[in-house]
Amino acid sequence: MMSEPESTTSPGGTGTSVRAGALTRPDGTAIRVLVVDDEPNLAEVLSSVLRHEGWEVRSAGTGISAVRTGREFRPDAVVLDMMLPDFDGLEVMRRLREDNPLVGVLFLTARDSVEDRIAGITAGGDDYVTKPFSLEEVLARLRGMLRRAGMSHNDTDTQLSFADLTMDEDAREVRRAGRQVELTATEFELLRFLMRNPRRVLSKAQILDRVWNYDFGGQAHVVELYISYLRKKVDAGQEPLIHTVRGVGYVLKSAT
């Protein structure tokens with residue numbers, strides 16, 4: 001399991017880990033997310049990543065416990081598996097919205113058919129991702145869903161910058177010294193992870209866990225390959241920002 005990215009404690013003194021520029025409720029309090037999945041390891045990984053965002057997180061492994069927790073916790077969003085041991089995600093959503101009509105729902109589904117995916121959206125779901133998925137994709141979908149629901153955020157939330165490198169997360173644009181850098185979806189997610197953790201050495205295992213699928217069975221050479229792609233696009237003709245720490249991993253930092 002990866003270690004926590006750099007964070008601070010919320011001014012309210014609750015001990016909540018808050019990332020600089022984190023998305024919040026309009027009143028400045030932490031967003032609440034309910035994770036519902038009957039795979040304990042997946043629920044734990046998702047919950048950990050969402051807490052790193054500074055959000056309050058609860059989890060449930062069945063439909064019954066999800067409804068009970070939802071009524072008590074009053075989440076702003078639910079990450080909801082379509083297939084649960086007692087009843088399906090559509091029924092969980094219906095029951096949660098009886099009590100909390102505005103709660104956002106991001107469906108997780110292992111199903112491949114277009115019909116099943118459309119069913120969740122048609123029934124009122126806000127978005128979906130298909131398993132296996134990248135954790136950064138889930139975060140991006142949740143942020144978009146919460147913004148559409150009117151959650152506030154600091155101006156820096158969608159704008160990441162380090163040295164002369166900038167990233168607009170919403171527009172999915174990257175610039176180095178004002179020059180636009182064209183990246184593939186995977187390269188973008190890898191660079192975003194590095195930019196969210198500047199000057200922090202990230203291991204290959206952490207990068208695989210966060211950028212690729214949560215159950216990705218790949219090897220370290222995949223990370224090495226994409227780091228080389230990024231360097232050719234981001235560092236070409238410029239002061240190198242992406243550095244290798246031999247035997248440990250990679251870090252985004254200035255040479256000076």
Side-chain angles (χ1 to χ4, degrees), residues 10 16-19 21-39 42-84 87-111 116-154 157-158 169-172 189 192 214:
S10 63
T16 302
S17 178
V18 178
R19 179 179 56 79
L23 197 66
T24 65
R25 286 175 158 182
D27 63 1
T29 59
I31 283 170
R32 296 181 176 185
V33 182
L34 173 61
V35 175
V36 185
D37 199 292
D38 62 345
E39 297 180 51
L42 174 56
E44 181 183 348
V45 169
L46 280 170
S47 297
S48 176
V49 169
L50 299 181
R51 288 191 183 99
H52 293 164
E53 288 292 294
W55 300 346
E56 292 186 37
V57 184
R58 299 273 181 90
S59 62
T62 66
I64 291 174
S65 62
V67 173
R68 182 173 60 247
T69 302
R71 287 173 177 165
E72 176 185 299
F73 183 49
R74 304 287 298 176
D76 302 296
V78 183
V79 181
L80 180 57
D81 190 7
M82 286 283 281
M83 300 296 293
L84 296 168
F87 46 84
D88 67 23
L90 297 178
E91 179 63 15
V92 173
M93 179 177 67
R94 187 187 68 78
R95 297 191 189 191
L96 285 174
R97 283 186 170 164
E98 286 178 354
D99 187 58
N100 186 3
L102 299 180
V103 65
V105 176
L106 173 66
F107 279 117
L108 305 179
T109 176
R111 301 173 179 178
D116 286 329
R117 280 179 266 167
I118 290 174
I121 302 300
T122 302
D126 297 278
D127 206 344
Y128 70 88
V129 291
T130 303
K131 295 180 180 180
F133 49 77
S134 85
L135 297 171
E136 283 293 342
E137 180 185 9
V138 173
L139 271 175
R141 298 292 184 92
L142 276 174
R143 290 188 199 108
M145 190 172 76
L146 289 163
R147 288 189 190 106
R148 290 192 296 272
M151 295 296 172
S152 68
H153 60 281
N154 292 343
D157 187 48
T158 63
E169 294 182 283
D170 280 348
R172 298 186 73 82
E189 299 302 345
R192 170 153 56 184
Y214 69 92

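FYI, side chains are in, hydrogens and waters are out, and symmetry mates aren't considered; it's all heavy atoms of this structure.
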Write down the atom of [X], the atom of [Y], and the distance for their closest heavy-atom approach.
{"X": "Met93", "Y": "Leu80", "value": "N-CD2, 4.1 Å"}
{"X": "Ala60", "Y": "Ser65", "value": "CB-OG, 3.4 Å"}
{"X": "Leu46", "Y": "Leu135", "value": "CD2-CD2, 3.8 Å"}
{"X": "Val33", "Y": "Trp55", "value": "CG2-CE3, 3.7 Å"}
{"X": "Ala77", "Y": "Met145", "value": "CB-CE, 3.7 Å"}
{"X": "Leu84", "Y": "Phe87", "value": "CB-O, 3.2 Å"}

Side-chain (Arg192) to main-chain (Glu169) donor-acceptor, under 3.5 angstrom: no
Calculate, to the nearest 0.5 Å, the distance between atoms [atom1] and [atom2] belonging to [X] and [Y] respectively.
{"X": "Leu96", "Y": "Arg71", "atom1": "CG", "atom2": "CZ", "answer": "7.5 Å"}
{"X": "Leu106", "Y": "Asp81", "atom1": "CG", "atom2": "CG", "answer": "11.0 Å"}
{"X": "Met83", "Y": "Glu39", "atom1": "CE", "atom2": "CD", "answer": "11.5 Å"}

Partners meeting salt bridge (Lys or Arg N to Asp or Glu O under 4.0 Å) with [X] (sequence neighbours left out):
{"X": "Asp38", "answer": "none"}
{"X": "Arg32", "answer": "Glu56"}
{"X": "Arg68", "answer": "none"}
{"X": "Arg95", "answer": "Glu91"}

From Leu34, Asn100, Val103, residue fulfilling side chain to side chain contact (heavy atoms under 4.5 Å, CB included) relative to Arg74: Asn100
Hey, does [Y] have a side-chain heavy atom less than 4.5 Å from the side chain of [X]?
{"X": "Thr109", "Y": "Thr130", "value": "yes"}
{"X": "Leu139", "Y": "Leu50", "value": "yes"}
{"X": "Glu53", "Y": "Ile31", "value": "no"}
{"X": "Lys131", "Y": "Leu42", "value": "yes"}

Residue list, side-chain hydrogen bond (donor to acceptor under 3.5 Å, both in side chains) with Glu98, at least two apart or on another chain: Arg94
Asp126/Arg141 ion pair, N-O < 4.0 Å: no
With sequence neighbours excluded, residues passing side chain to side chain contact (heavy atoms under 4.5 Å, CB included) with Thr29: Arg25, Asp27
